*Asks:* 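One structure follows; several queries about it will come next.
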Protein chains: 2
Amino acid sequence: MAFAPLDPLLHNQLRLAIVSLLVGVDSADFNFLLEKTSATRGNLSVQITKLKDAGYVTVKKTFKDNYPNTSCSLSAKGLKAFEAYVKAIKVYLGTGED
Amino acid sequence: MAFAPLDPLLHNQLRLAIVSLLVGVDSADFNFLLEKTSATRGNLSVQITKLKDAGYVTVKKTFKDNYPNTSCSLSAKGLKAFEAYVKAIKVYLGTGED
DNA sequence: CCTTCTTGTTTATTTTATAAACCTATTTAC
DNA sequence: GTAAATAGGTTTATAAAATAAACAAGAAGG
């Protein structure tokens, strides 16, 4: 198989980690993602915004115990994009079908 | 498993494609890589140089039928890095071991 | 010769990623 | 009750990277 282009939005370490975490779960809040990814707050904020702007994740801002709380979940579009990315990169890794 | 950092040198579409192509073969020349990756000459040249500078590929410049010919092959270091990269990214893809 | 083709390299421009600084509100300590 | 520290993020500035455009040097063809 040929090398299909890799979705540049997902072909980034932090954004891929975020989406990867969101795949298995209904929703995850900012601090959970922060801990799991070991990112800085700034970088995490920026990348979540990019994923939101692309329609890959939906973001809900509420208050939890008086503090602002940002909760993210993967959209159908995001899931589809992730699955396509996984399929595409497997070719590069030698893990996909010929 | 946690999200291990992804070797930035390999976490790039074109460089990953180059290395991926070199894994299966003894050596490959510039035009072969150019065709298989659909890259521009400039970009291919730059990325090969980066892989060479990192010691991931070795480059041999000769003349073939009177024309300059650049032949690349994967070094042991490059192969090792590629294998580590594959293992690392599988975690992100949900394909690796827990 | 002089134009075009081959095989690349170098330079310049645009994106992108990351970190540093900032902001708003809340809690805690005095 | 007010100063300092903490929580939860966002915005801005800087550094790094990717890509494309321009250039070069020899070969072939007319």
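Within every chain, numbering begins at 1; the chains are lettered A, B, ... in the order of the sequence lines, protein sequences first and strands thereafter. Keep in mind that this is a model prediction, so the values were computed, not measured.
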*Asks:* What pair of heavy atoms forms the shortest contact from Ser73(A) to Leu22(A), and how long is it?
*Replies:*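 That closest heavy-atom pairing would be C-CD1, 4.2 Å.
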*Asks:* When you measure from the side chain of Ser45(A), which nucleotide among dG9(D), dT10(D), dT7(C) comes out closest?
*Replies:*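 So the side chain of Ser45(A) is nearest to dT10(D).
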*Asks:* Among dT7(C), dG9(D), dT26(C), find the nucleotide with the atom closest to the side chain of Thr70(A).
*Replies:*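 Minimum distance to the Thr70(A) side chain belongs to dG9(D).
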*Asks:* Can you see which heavy atom on Leu93(A) is nearest to which on Val86(B), and at what distance?
*Replies:*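 In terms of heavy atoms, the two residues are closest at CD2-CG2, 3.9 Å.
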*Asks:* Would you kindly give the CZ-to-C1' distance between Phe32(A) and dG9(D), to the nearest whole Å?
*Replies:*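 In whole Å, dG9(D) C1' lies 18 Å from Phe32(A) CZ.
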*Asks:* Over how many whole Å does the gap from Lys52(A) atom NZ to dT11(D) atom C1' extend?
*Replies:*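 Rounding to the nearest Å, NZ of Lys52(A) and C1' of dT11(D) are 13 Å apart.
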*Asks:* Does the side-chain contact (heavy atoms from CB on, under 4.5 Å) test come out yes or no for Val19(B) and Tyr85(B), once each step is laid out?
*Replies:* CA-CA 11 Å; Val19(B) 170; Tyr85(B) 175 81; over 6 Å; no
*Asks:* Rounding to an integer number of Å, can you tell me how far Ile48(B) CD1 sits from dT7(C) P?
*Replies:*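 Result: 14 Å.
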*Asks:* Given dG9(D), dT7(C), dA28(D), identify the nucleotide with an atom nearest to the side chain of Asn66(B).
*Replies:*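 The answer is dA28(D), which lies nearest to the side chain.
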*Asks:* Round to the nearest Å and state the distance from Leu34(A) atom CG to dG8(D) atom P.
*Replies:*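 Taking atom P of dG8(D) as the reference, CG of Leu34(A) is at 10 Å.
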*Asks:* Taking all heavy atoms of Ala39(A) and all of Leu34(A), pick out the closest pair and write down the distance.
*Replies:*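 Smallest heavy-atom distance, with atoms named: O-CD1, 3.3 Å.
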*Asks:* How does protein reach along nucleotides 16-22 of chain C, written 5' to 3' as B (base within reach of a heavy atom under 4.0 Å), S (only sugar-phosphate), or - (no contact)?
*Replies:* -SBSB--
*Asks:* Tell me the interatomic distance from Leu9(B), atom CG, to dA16(D), atom C1', rounded to whole angstroms.
*Replies:*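 Value for this atom pair: 13 Å.
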*Asks:* Hey, which of these two, Phe30(B) or Asp65(A), hits DNA chain C nearer its 5' end, going by closest nucleotide?
*Replies:*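 Looking at the nearest nucleotide for each, Phe30(B) comes out on the 5' side.
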*Asks:* Within this structure, what is the NZ-to-P distance between Lys61(B) and dG8(C), rounded to whole angstrom?
*Replies:*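 Lys61(B) atom NZ is separated from dG8(C) atom P by 7 Å.
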*Asks:* Which is it for Val46(B) and Leu14(B) under the side-chain contact (heavy atoms from CB on, under 4.5 Å) test, yes or no, and what are the steps along the way?
*Replies:* CA-CA 10 Å; Val46(B) 168; Leu14(B) 182 50; over 6 Å; no
*Asks:* Reckon Thr49(A) touches a base, only the sugar-phosphate, or nothing at all at heavy-atom distances under 4.0 Å?
*Replies:*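 Since no nucleic acid heavy atom lies under 4.0 Å of Thr49(A), the category is nothing.
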*Asks:* How many whole angstroms separate atom NZ of Lys64(A) from atom P of dG8(D)?
*Replies:*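 To the nearest whole Å, that distance equals 10 Å.
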*Asks:* If you measure from CD1 on Ile89(B) to CG on Leu10(B), what distance do you get to the nearest 0.5 Å?
*Replies:*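 It is 10.0 Å, given to the nearest 0.5 Å.
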*Asks:* What is the separation between atom CG on Leu44(B) and atom C1' on dA18(D), rounded to the nearest whole Å?
*Replies:*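 Roughly 14 Å, once rounded to whole Å.
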*Asks:* Decide yes or no on side-chain contact (heavy atoms from CB on, under 4.5 Å) for Arg15(B) and Tyr56(B), but give the supporting numbers first.
*Replies:* CA-CA 10 Å; Arg15(B) 286 193 303 267; Tyr56(B) 284 10; over 6 Å; no
